[in-house]
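Input: a single structure, listed below in structure tokens.
Just so you know, these numbers come straight off a predicted model, no measurement behind them. Ligands are counted one by one from 1 in listed order, and the atoms in each one are counted from 1 as well.
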Amino acid sequence: MSNIFTDFAASLRGGTPAYAAFIGLPDPLITEGLLRDGFDTAVIDMQHGLHTTQSVIQAIGAGAAAGKPVFVRPPVGDFAFASRALDAGAVGIVAPMINTIDDARRLAAYTKYPPLGERSWGPYRATGLTGLQMGDYLKAANDITMTLAMVETREALDILDDILSVPGIDGVFVGPSDLSIALSNGAHVDQFHPDVDAALTHVAQRARAHGKIASCFSMTGARAAEMIGRGYHMSSIATDQVLLRNAAKAEIAAARGAHKPGAAKSY
Ligand code: 3PY
Ligand code: MG
């Protein structure tokens, strides 16, 4: 059995770059629409987004309707929900604030079957989406799902190699906003700060050295492409709300500008 849900992890590991939508709005049509419009995958955000258990399950289905697998970001420390999201068919987990080796080991334990972890059996939706029979899913699951530890604090950066060495951790996902707050000791939030920039380069290099997946959040498409150029396998781009509000602001400004005497036409 081979399809986008069984093959996406291999494609990412094999070097096909992926751009992810970052989805906080709980209506499944947002996920389906953005995936149909060209994103390769999405991160369904339960940490800061408005998602609930029900809407995460619907968003995974909406991804499937668009023919794309999606990741889920559970709330901080909610490893039990990480297991449930995989059972519900998420292709991977983006786990926030993995700051200690214990965090990384617990994350791996909840998301990987033995011998890597202790994930409990019940992938009823995941078998449906992948088309794998139960025994085949058990054999494949640890490879076809991705457990990504978010690196977004000084503590995580300090033990990056140890996190990357934990069996069952498939890679890392850098959160540049939290990282900027941590590195400045709360002085600012600035994804483009030179300290964050240097850390982003370092994390990509270390993940690659460990043969693991490097991924990150970027605020713009141009920045995401730059991150792929620096060795990242995957970058998300903005958020659904940012994309919507930017488009709204641009269009309303163009409309209002058109009423001003002598204003240039926008098209
Ligand atoms: C961060 O930048 O801190 C993130 O978690 C990205 O959403
Ligand atoms: Mg964060």
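- One finds no salt bridge joining R84 and D78 here, because no Lys/Arg side-chain nitrogen approaches an Asp/Glu carboxylate oxygen to under 4.0 Å.
- The aromatic rings of Y113 and Y137 stand perpendicular to each other, their planes meeting at an angle above 60°, with 30° marking the opposite boundary.
- Residue L148 forms a side-chain contact (heavy atoms from CB on, under 4.5 Å) with just one option from V174, V43, V94, I98, and that option is V94.
- Panel note: side chain S235, backbone A224; no donor-acceptor pair is recorded below 3.5 Å.
- When distances from the Mg ion (ligand 2) to the N, O or S atoms of D178 are compared, OD2 comes out shortest.
- Taking the six-membered ring where the residue is Trp, F173 and F22 present tilted rings, their angle falling between 30° and 60°.
- Looking only at side-chain heavy atoms (C-beta outward), D170 and K212 stay at 4.5 Å or farther from each other.
- Of all N, O or S atoms in E152, the one lying closest to the Mg ion (ligand 2) is OE1.
- D240 places a side-chain N or O within donor-acceptor distance of the main-chain N or O of G24, the cut-off being under 3.5 Å.
- Listed by chain and residue number, the protein contacts of ligand 1 are F22, R73, M150, E152, G175, P176, S177, D178, F217 (heavy atom within 4.0 angstrom).
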